[in-house]
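Notes to accompany the following structure.
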Amino acid sequence: MAGTAQIGVTGLAVMGRNLARNFARHGYAVAVHNRTASRTRDLVEQFGHEGTFVPAETAEEFVAALERPRRLVVMVKAGAPTDAVIDEFAPLLEPGDMIIDGGNAHFADTRRREAALRERGLHFVGTGISGGEEGALNGPSIMPGGSEESYASLGPMLETISAKADDGSPCCTHIGADGAGHFVKMVHNGIEYADMQLIAEAYDLLRQGAGYDPARIAEVFRDWNAGRLDSYLIEITAEVLAHIDAATGQPFVDVVLDQAEQKGTGRWTVQIALDLGVPVNGIAEAVFARSLSGHAGQRAVGRGLAGPAPVALPADEAALFADQVEQALYASKVVSYTQGFHQLQAAGEEYDWTLDLGAIAGIWRGGCIIRAAFLDRITAAYAKDPALPSLLADEQFAAELGAAQNGWRTVVATAARLGIPAPGFATALAYYDALRAPRLPAALTQGQRDFFGAHTYHRVDRDGVFHTDWSGDRAETQQS
Ligand code: NBP
């Protein structure tokens, strides 16, 4: 006999517990279950008053507590634990039931799991959830993949518990079939890496280039947050920079070890971009910058290498420089989003997903780490032209980057002159200039490839595939 709980959550660590509470607070009856039953009891004891929870100790009890078709959310550690939970529950489910994986799964695993469960008549809904534990409780950005049919049943509930953008729309939309939701969440995280790296570079340039102290830089970030850079990450940057370490009385940022860590989704974004042949230079530089920061041994031996010791600009130039850093930050941010959306476009073609890129930008406006006023502009650009080949093809973005580019160039040049590493700003500018270039040196690369490997080339003046006899008389022959 089917039960009455509209949704169930298994895996009640920080994310699952908060997600279950979010459902309950919105009036849904929620079955709750965890491998270690004490977590289930704790949840009901501490938060039972927030709504209707149906605790279950065993998998059978949990499944029996759910109304049909069953909606079973899995919030366990990604990887083998997710497979173990699916293997445990799938035999207890009936055709039409849904397993929703809200963990940080790799999209290829999601595609594999979806195909296997579809064979058994079950829906598998790989769902990206962004916003950390706070988002899970109060409204995350939710990126569900899977079938249209599953979204028809599940979507309204997810939309109800999701964050809401400033215009009131839910930060949740059906992304596309099988692994599309987890893919989009992964690219979201890659963009987040790039955003964070660019902000870190802006801070470093203001500190070493403009000669500002952290408190002053916090003010600069507060000002920027009132303009086109208005975003959660800029807002928290100001807070972190203004924070004073209680133990030493020093700026907090000066007492933290300068070695950034990563969990892996940024790395996946870059690995998959390489497979898809999409240049996501900004995201890659962000992943590499974190990685470089962590190689303490390499840094120790490199510290004595020749180069300028950064000397701050004269005070009268510093204010202008700070404005130019804002321009470089904004322009580089637009470039990282351009690259991330290119990756989504390419993945849509590769995996046969119909991705609504404007809607994806729309659901990142609330709940998640990269939430920003600027995302409205991306939605508007795709609304104007759903087939927009690149964000830089949008007139407004192109005009803004055109207006920012002089300042951006000055910042990259100043960083190089002062010896301050700014890989994110520099790679974004190189990408922009490469796209603008009427001709690229790739022609020479093709010539070299033909020389050493007979890899052939195309010509600009006629169709066909050509090869030059480099070891003989250098005559050209048409291959096809
Ligand atoms: P964890 O990723 O720390 O996972 C702990 C949960 O997994 C516990 O409920 C644990 O049960 C369960 N579990 C494990 Br481990 N192995 C299991 C197995 N073989 N069978 C059944 N259950 C098993 O929890 P979390 O930090 O709440 O994250 C949950 C998911 O959400 C992860 O995939 C994570 O990547 C993703 N996520 C996290 C965040 C975040 O900010 N933390 C944000 C977005 C997404 P036990 O209690 O019996 O040990």
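We number each residue from 1, following the sequence as shown. Numbering of ligands and ligand atoms starts at 1, following listing order.
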Within ligand 1, which atoms have a heavy atom of Leu12 less than 4.0 Å away? 9 (O)

Give me the nearest non-hydrogen protein atom to atom 48 (O) of ligand 1 as residue plus atom name, then the distance to 0.1 Å. Thr36 OG1, 2.5 Å

When distances are taken from atom 47 (O) of ligand 1, the protein heavy atom at minimum range is Arg39 NE, 2.6 Å

So is Met15 polar-close to ligand 1, meaning N/O to N/O under 3.5 Å? yes

For Thr160 and His26: C-alpha separation, side-chain torsions, deciding distance, then whether side chain to side chain donor-acceptor pair (under 3.5 Å) applies. CA-CA 7 Å; Thr160 301; His26 281 91; over 6 Å; no

Do Asp195 and Tyr337 get their side chains close enough for a donor-acceptor pair, meaning under 3.5 Å? yes

Counting from 1, what ligand 1 atoms have a heavy atom of Gly11 closer than 4.0 Å? 9 (O)

Ignoring hydrogens, just give me the one of Thr265, Asn189, Asn104 whose non-hydrogen atom is nearest atom 45 (C) of ligand 1. Asn104

Using a plain distance cutoff, I'd like to know if Met75 has any nitrogen or oxygen under 3.5 Å from a nitrogen or oxygen of ligand 1. no

Can you give me the closest heavy-atom contact between Ala165 and Cys171, atom names plus distance? N-SG, 3.8 Å

Nearest protein heavy atom to atom 24 (O) of ligand 1, by residue and atom, and its distance? Ala13 CB, 3.5 Å

Quick test of your reading: applying side chain to side chain donor-acceptor pair (under 3.5 Å), list the pairs with at least one residue in residues 264-273, sequence neighbours left out, ordered by first then second residue. Asn189-Thr265

For atom 21 (C) of ligand 1, what's the nearest protein heavy atom and its distance? Val85 CG2, 3.4 Å

A student checking ligand 1 against Gly132 at a 4.0 Å heavy-atom cut-off should list atoms 41 (O)

Answer yes if the side chains of Gln208 and Asp204 hold a donor-acceptor pair under 3.5 Å, and no otherwise. yes

Using distance alone, decide if ligand 1 has a nitrogen or oxygen within less than 3.5 Å of any nitrogen or oxygen in Lys185. no

Tyr431 side chain to Gln339 side chain, donor-acceptor N/O pair below 3.5 angstrom: no

Provide, to 0.1 Å, the distance between atom 4 (O) of ligand 1 and the closest protein heavy atom, together with that atom's residue and name. Lys77 N, 3.4 Å

Nearest-neighbour protein heavy atom for atom 9 (O) of ligand 1, which is reported as residue plus atom name and distance: Asn34 OD1, 2.8 Å

Give a yes or no answer on whether the side chain of Trp353 reaches the backbone of Ala177 with a donor-acceptor pair at less than 3.5 Å. yes

According to the interplanar angle, ranging from 0 to 90°, do the rings of Trp408 and Tyr432 count as parallel (below 30°), tilted (30 to 60°) or perpendicular (above 60°)? tilted

Kindly assign one of parallel, tilted or perpendicular to the pair Tyr351 and Phe107, based on the angle between their ring planes and the thresholds 30° and 60°. perpendicular

Please list, in number order, the atoms of ligand 1 under 4.0 Å from a heavy atom of Ala78. 33 (O)

Measure the distance from atom 49 (O) of ligand 1 to every protein heavy atom, then report the residue, atom name and distance (to 0.1 Å) of the closest one. Arg35 NH2, 3.0 Å

Given the rule in the salt bridge (charged side-chain N to carboxylate O under 4.0 Å, His left out) test, do Arg112 and Asp83 qualify, once you have shown the distances and angles that lead to the verdict? CA-CA 11 Å; Arg112 166 179 62 78; Asp83 281 318; 3.2 Å; yes

Please confirm whether Lys263 comes within less than 3.5 Å of ligand 1 when only nitrogen or oxygen atoms on both sides are compared. no

Quick one: look at Ile129 and ligand 1, take heavy-atom pairs under 4.0 Å, and tell me if it's side chain, backbone, both or neither. backbone

If only atom types and distance count, is the side chain of Thr127 paired as donor or acceptor with the main-chain N or O of Ile100 below 3.5 Å? no

Considering only the protein, which heavy-atom contact is closest to atom 33 (O) of ligand 1, and what is its distance? Val76 O, 3.0 Å

